[in-house]
Structures are given as structure tokens and as C-alpha cells.
Protein chains: 2
Amino acid sequence: MPDTLARMYTRPRSYHHGDLRAALLTRAEETLREKGPAALSLRELARDLGVSHAAPSRHFKDKQALLDALALTGFDRLATALKASQEGLGESFAERLDAMVRAYVGFALGNAVLLDLMYSIKHDPEASEALVAATERWSDLLVELIVEGQRRGELRAGTTESVGVPIFATLHGYANLAATGMLPPDTDERALDDVIAFILRGAAPE
Amino acid sequence: MPDTLARMYTRPRSYHHGDLRAALLTRAEETLREKGPAALSLRELARDLGVSHAAPSRHFKDKQALLDALALTGFDRLATALKASQEGLGESFAERLDAMVRAYVGFALGNAVLLDLMYSIKHDPEASEALVAATERWSDLLVELIVEGQRRGELRAGTTESVGVPIFATLHGYANLAATGMLPPDTDERALDDVIAFILRGAAPE
DNA sequence: AGCCAATGTAGGCGTCGCCAACAATGCTGT
DNA sequence: ACAGCATTGTTGGCGACGCCTACATTGGCT
């Protein structure tokens with residue numbers, strides 16, 4: 001039965017696994033989601049995949065490297081989700097912001113631990129480079145939204161930062177609270193509406 | 001020389017330490033601040049304090065219990081800081097909010113790792129009763145601010161939640177971004193002003 | 001004075017991350 | 001076709017960690 005589980009990630013093959021790196025990432029994310037970050041161990045990962053305890057080191061120089069890679073895939077998926085949320089929409093800023101906020105919060109709720117990992121502080125200076133690039137790939141979406149909103153006169157004037165930071169702070173803060181279950185119990189759908197309306201008022205032209 | 005360090009926390013005394021529990025908490029927070037949460041180990045703590053590796057277990061049943069206690073002191077200090085920020089102020093909501101936001105962000109910047117710990121614990125299965133009480137002790141301050149702001153007509157109508165959640169989300173989100181160093185490099189003082197103004201607009205009466 | 005609960009010590013268990021030495025595999029150029 | 005080599009996986013070992021149990025010292029209470 002544990003063998004059945006292993007088969008999901010490991011080709012029935014011997015010696016060379018085939019795609020151990022991808023299997024490690026997949027399994028690691030499942031563990032993260034199901035048992036939390038503290039329960040993530042390289043050795044257990046290796047056991048689950050039917051591979052020796054040192055095999056993972058061929059693909060990730062240490063545990064942090066695996067976490068960094070995991071965060072990277074998270075940013076990729078987040079960017080994809082946000083981009084998808086903007087497709088087939090009208091040009092109204094309010095409409096687009098609404099969609100983006102919901103997509104972001106949806107991602108946060110569906111990937112709470114992963115999101116936490118993505119924003120945690122301890123990335124290697126080196127892996128940082130790829131991470132920064134990944135972050136920009138999606139934050140550009142927000143910037144674009146803002147610039148376009150300003151052009152259409154639906155947003156107040158000001159530098160992208162002065163307008164964007166409060167918006168992003170609100171979005172990020174709400175997603176974080178919702179994902180960690182820190183909001184008053186009943187407040188769920190309704191609260192998100194309130195937050196979106198709040199952002200629109202805060203960012204409205206003078 | 002390591003002895004000198006130990007003396008800071010340990011009475012030169014033998015066998016019974018005197019106040020090992022408090023010394024553990026103090027030293028643990030320093031370690032957290034200086035070397036991050038991953039570097040915090042019960043055994044090293046014990047070594048630093050010149051005590052055997054099992055001694056801490058007399059005061060904290062396991063590592064998580066120590067982290068919980070640490071979070072608890074964090075909430076206490078946060079509540080104190082927020083309360084202090086409201087003293088000697090006028091009654092204007094704008095003024096009081098400004099002070100509270102700055103106090104919160106100040107705490108977040110000065111206690112980044114601890115704050116992270118505080119919020120990661122709550123989400124845990126059964127947050128201890130004391131912990132829940134501690135969070136309420138300070139969130140009541142925010143609630144009070146909101147209710148009073150509404151009474152004075154400086155805040156829009158609505159349930160405390162519908163008004164408070166967006167405000168707190170913004171505050172929490174900005175503090176979090178600032179503390180994890182995720183804001184554009186130059187944006188520091190100015191950005192906080194923008195955020196406060198943003199909150200006031202978002203929460204203003206219709 | 002004597003006893004007991006609280007506090008600290010000593011040692012051991014299983015797991016972890018990381019390292020070094022060795023083995024199997026498959027790609028490459030000739 | 002095949003020899004050589006880089007890639008990938010294995011084995012075993014090291015030190016550190018969290019937690020457990022059994023034992024030692026202490027100070028306060030009766």
C-alpha cells in the first residue's frame with residue numbers, strides 16, 4: 001500500500017528515477033499542504049519516493065534550496081492565476097480590480113502554507129534573483145492595472161507606488177488574514193466585498 | 001567569554017537557577033531576533049544559560065510551548081505599545097488612527113520575527129486560551145477606536161466588522177510587507193503617510 | 001527535623017540535515 | 001560499437017536536535 005503511494009511519483013523503474021526533481025517538488029507541496037511546513041523533511045520525502053536519503057541532494061543543494069524552488073513554482077502559479085483573472089473582462093478598473101483581488105484571495109485560500117513560504121524572509125541571495133524575477137512577473141500585472149486605471153481617470157493621480165502600495169497592502173493583508181483563519185468566523189464572502197469597496201474608495205480620484 | 005555571556009542570564013549560583021523560565025524567554029527572543037527562528041534550539045538555549053539540556057523541559061513541556069509563551073509576551077508588548085500610542089491624544093479619529101497605525105508598524109519593524117511567530121501560532125489547532133485572550137486584549141483597542149470614530153461621525157456606518165476588517169487588513173498587510181522588506185527600496189516614511197490617508201478615505205462616511 | 005514537590009542532571013533513542021566515498025546509468029565522440 | 005565521463009543514485013557516518021526516563025539536589029512546609 002505504501003508502494004501504491006510511491007508509484008504515484010516514481011516510475012516502477014530502477015536506479016535512475018527519471019524525474020526525481022519534479023517528483024520531489026510535487027510531493028513536497030502535498031506534504032506542506034497536508035501536514036504543515038514543520039513536517040517537511042528531505043529524508044521522509046526520499047522515503048516516500050522510494051529513493052535513498054541522499055538522492056535529493058543531487059537536485060537541491062540543501063533544504064532551503066528546495067523551499068526556494070517551491071516558492072518559485074508558487075509565484076509562477078500565482079502569476080498565471082492572476083493573468084487568467086483578467087481575461088475576457090471589460091476595461092473598467094473597478095471590474096478588473098475586483099477580479100484580481102478575488103483571484104489573489106482565492107490563491108491564498110487554496111495555497112495558504114505555500115503563500116506563507118513565498119513571502120518568508122530567508123531566501124538565498126542567489127535564489128533570490130530568480131525569486132525577484134518571479135515576483136515582478138506578477139506585480140507587473142498590478143502595476144499595469146494601476147497605470148491603466150489612472151489613464152482612464154478611475155484612479156487618483158500619484159506615483160505608481162504611492163497609489164499601489166496601499167492597494168497591495170490591503171489586498172495582501174486581507175488574503176493573509178483569510179488564509180490563516182484570523183477573521184471573525186462568519187465574515188467570509190461579505191467581508192471580501194467590503195474590502196474591495198474599501199480599496200476603490202481609498203484609491204478613487206480626489 | 002562565553003561565560004560572560006552566560007552570566008548575563010544565569011546567577012553565578014549552582015543547581016537551582018532562580019528564574020530559568022524568564023531567562024529562557026529572554027534569551028530565546030534575542031536568538032529569534034538575531035539569528036532567526038530556525039536557529040532557535042532548546043539545547044543551545046540551555047547551553048547559553050549554563051544549564052543542562054533537559055532543564056528547559058521543567059518549564060516548557062515542549063518547544064512549541066516555549067514558542068507559545070514567546071508569542072504571548074509579544075501580544076502583551078504589542079497591546080502595551082498600542083495603548084501607549086493613544087495616550088494624551090485629542091479625540092479626533094484621524095489623529096488616533098494615525099498614532100495607532102504608526103505604533104503597530106513600529107512594533108512590526110522592531111519585532112519582525114516575533115510578529116510572524118505570533119500570527120503563525122494562532123492558526124494552530126487549539127490556540128491556547130491565554131493566547132486568544134491576549135489577541136483580544138489588543139484588538140479591542142481597534143474596535144474601540146472604530147466605534148468611537150463612528151459615534152463622532154468620522155467613520156462610515158456599518159457593523160464593526162465591515163468597517164474594521166478592511167482597516168485592519170490594510171494595517172496588517174502594510175506592516176507585514178514593511179517588516180519582511182518587500183516594499184520598493186526607497187518607499188519608507190512617505191509610504192506610511194500614503195497608507196494612512198488611504199485608510200481614512202476608505203473608511204470615511206459616505 | 002524531616003519530608004515532599006519543584007527544579008536540575010545524566011544518558012539514551014530516533015530523526016534530521018549534510019558530507020564523503022562508491023556504484024550504476026546513459027550520452028558523447030570517435 | 002564502445003570507451004570515457006558526467007549525471008544520478010546508494011551507503012554509511014557525523015553531529016545536533018527534541019523528547020523521554022531515571023536519578024540528584026534543593027528549599028519550603030508541617
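We name chains A, B, ... by the order of the sequence lines, and we start the count at 1 in each one.
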Taking only side-chain nitrogens and oxygens of B:R47, does any of them come within less than 4.0 Å of OP1 or OP2 of D:dC17? yes

Whole-Å gap separating C1' (C:dC18) and CG (A:L42): 10 Å

With no angle test and no hydrogens, is the base of C:dG8 tied to the side chain of B:H53 by a donor-acceptor pair under 3.5 Å? no

Can you check side-chain contact (heavy atoms from CB on, under 4.5 Å) on A:I167 and A:L145, steps first, answer last? CA-CA 11 Å; A:I167 295 179; A:L145 185 65; over 6 Å; no

Which residue pairs satisfy the salt bridge (Lys or Arg N to Asp or Glu O under 4.0 Å) criterion with at least one member in residues 64-79 of chain B, sequence neighbours excluded? B:E29-B:R77, B:D76-B:R137

In whole angstrom, give the distance that lies between atom CG of B:L24 and atom P of C:dT7. 12 Å

To the nearest angstrom, how far is A:R58 atom CZ from C:dC22 atom P? 14 Å

Please determine if a side-chain N or O atom of A:S41 lies less than 4.0 Å away from the OP1 or OP2 oxygen of C:dG17. yes

For C:dG8, does either OP1 or OP2 sit under 4.0 Å from a side-chain N or O belonging to B:R21? no

Look at the aromatic rings of A:F75 and A:Y119 and report parallel, tilted or perpendicular, splitting at 30° and 60°. perpendicular

When the nearest nucleotide of DNA chain D is assigned to A:A55 and to A:R43 on a heavy-atom basis, which residue is associated with the more 5' position? A:A55

Please give, in whole Å, the distance from C:dC16 C1' to A:L45 CG? 13 Å

For the side chain of B:K63, starting at C-beta, report the closest nucleotide among C:dG17, C:dG8, D:dG18. D:dG18

How many Å lie between CG on B:L40 and C1' on D:dA16, as a whole number? 14 Å

For DNA chain C, which residues of residues 65-74 of chain B approach it to below 4.0 angstrom with any heavy atom? none

How many Å lie between CG on A:D19 and C1' on D:dT7, as a whole number? 14 Å

To the nearest Å, how far apart are A:L20 CG and D:dT8 C1'? 9 Å

Do the side-chain N or O atoms of B:H59 get closer than 4.0 angstrom to the phosphate oxygens (OP1, OP2) of C:dA6? no

Without placing hydrogens or testing angles, list every side-chain donor-acceptor pair under 3.5 Å for residues 194-201 of chain A, not counting sequence neighbours.
unit_1	atom_1	unit_2	atom_2	d
A:R201	NE	B:G202	O	2.7
A:R201	NH2	B:G202	O	2.7

Partners meeting salt bridge (Lys or Arg N to Asp or Glu O under 4.0 Å) with A:D140 (sequence neighbours left out): none

State which residues pass side-chain hydrogen bond (donor to acceptor under 3.5 Å, both in side chains) with A:R156; sequence neighbours excluded, sorted by chain then number. none

Give the rounded distance in Å between these two atoms: NZ of A:K61 and P of C:dC19. 9 Å

With sequence neighbours excluded, what pairs up with A:E136 under the side-chain hydrogen bond (donor to acceptor under 3.5 Å, both in side chains) test? none

